[in-house]
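When a residue number appears, it is its place in the shown sequence, counting from 1.
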Amino acid sequence: MPYLKINHDKSKPTFEEIDLPEESKGFLEACYKAIGCDCIEVVPSRFMGLYLIIDESGKLKDGWSDRINPVASKLFGVWCDNIVGDAILAKASGSDLAPLNPSDVERVTLWLNK
């Protein structure tokens, strides 16, 4: 199962499956390209073992308030903060990030659809 990209743009599907390379440099470059940024931050989600890869400087860009990602923000779960722009959902694998498995995706989608 690939990683899940969470789009902020409502004209696109909420989730897109994306593949990211395993090696570090390729992984970072692919993340930058997938979410349209040049510096990422990895933050925990509401789900134990699942993390969001986000644009670290998303709120510093012009027009950021038009790019709030409601689904990623809900998964982040900090009531006073929003995720801006696209995000990638991944799982922990030791000290690395890894693709999700079908049960991870099911758990997240069931929770979001409550």
In sequence, state the C-alpha distance, the side-chain angles, and the governing distance for Lys61 and Asp55, and then conclude on salt bridge (charged side-chain N to carboxylate O under 4.0 Å, His left out). CA-CA 10 Å; Lys61 296 176 181 172; Asp55 180 354; 2.6 Å; yes
Are Val78 and Val108 connected in a single hydrophobic cluster, I mean Ile/Leu/Val/Met/Phe/Trp/Tyr linked by side-chain heavy atoms less than 4.5 Å apart? yes
Please determine whether residues Trp64 and Val71 belong to a single hydrophobic cluster, defined as Ile, Leu, Val, Met, Phe, Trp and Tyr linked transitively by side-chain heavy-atom distances below 4.5 Å. no
Are the side chains of [X] and [Y] in touch, meaning some heavy atoms are under 4.5 Å apart?
X     : Y     : value
Arg46 : Leu75 : no
Ser73 : Ile68 : yes
Lys10 : Pro70 : yes
Ile6  : Leu52 : yes
Ile54 : Ile40 : no
Phe76 : Val43 : yes

Tabulate below the donor-acceptor pairs under 3.5 Å that side-chain atoms of residues 83-96 make, not counting sequence neighbours, or state none.
| unit_1 | atom_1 | unit_2 | atom_2 | d |
| --- | --- | --- | --- | --- |
| Asp86 | OD1 | His8 | N | 2.8 |
| Asp86 | OD1 | His8 | ND1 | 2.9 |
| Lys91 | NZ | Asp104 | OD2 | 3.1 |

As an exercise, state the distance from [atom1] of [X] to [atom2] of [Y], rounded to the nearest 0.5 Å.
X      : Y     : atom1 : atom2 : result
Tyr51  : Leu97 : OH    : CG    : 8.5 Å
Lys59  : Arg67 : NZ    : CZ    : 12.5 Å
Asn69  : Asn82 : CG    : CG    : 9.5 Å
Arg107 : Phe47 : CZ    : CZ    : 6.0 Å
Glu56  : Glu41 : CD    : CD    : 5.0 Å

Around atom CD of Glu23, are there more than 12 heavy atoms of other residues, nucleotides or ligands at under 6.0 Å? yes
Kindly say whether Asp9 contributes a backbone atom to a donor-acceptor pair with the side chain of Asn7 at under 3.5 angstrom? no
Output, in order, the C-alpha distance, side-chain angles, deciding distance and verdict of side chain to side chain contact (heavy atoms under 4.5 Å, CB included) for Leu4 and Glu17. CA-CA 5 Å; Leu4 283 183; Glu17 294 182 359; 3.9 Å; yes
Would you mind writing out the side-chain donor-acceptor pairs for residues 24-37 within the sub-3.5 Å range, not counting sequence neighbours?
none

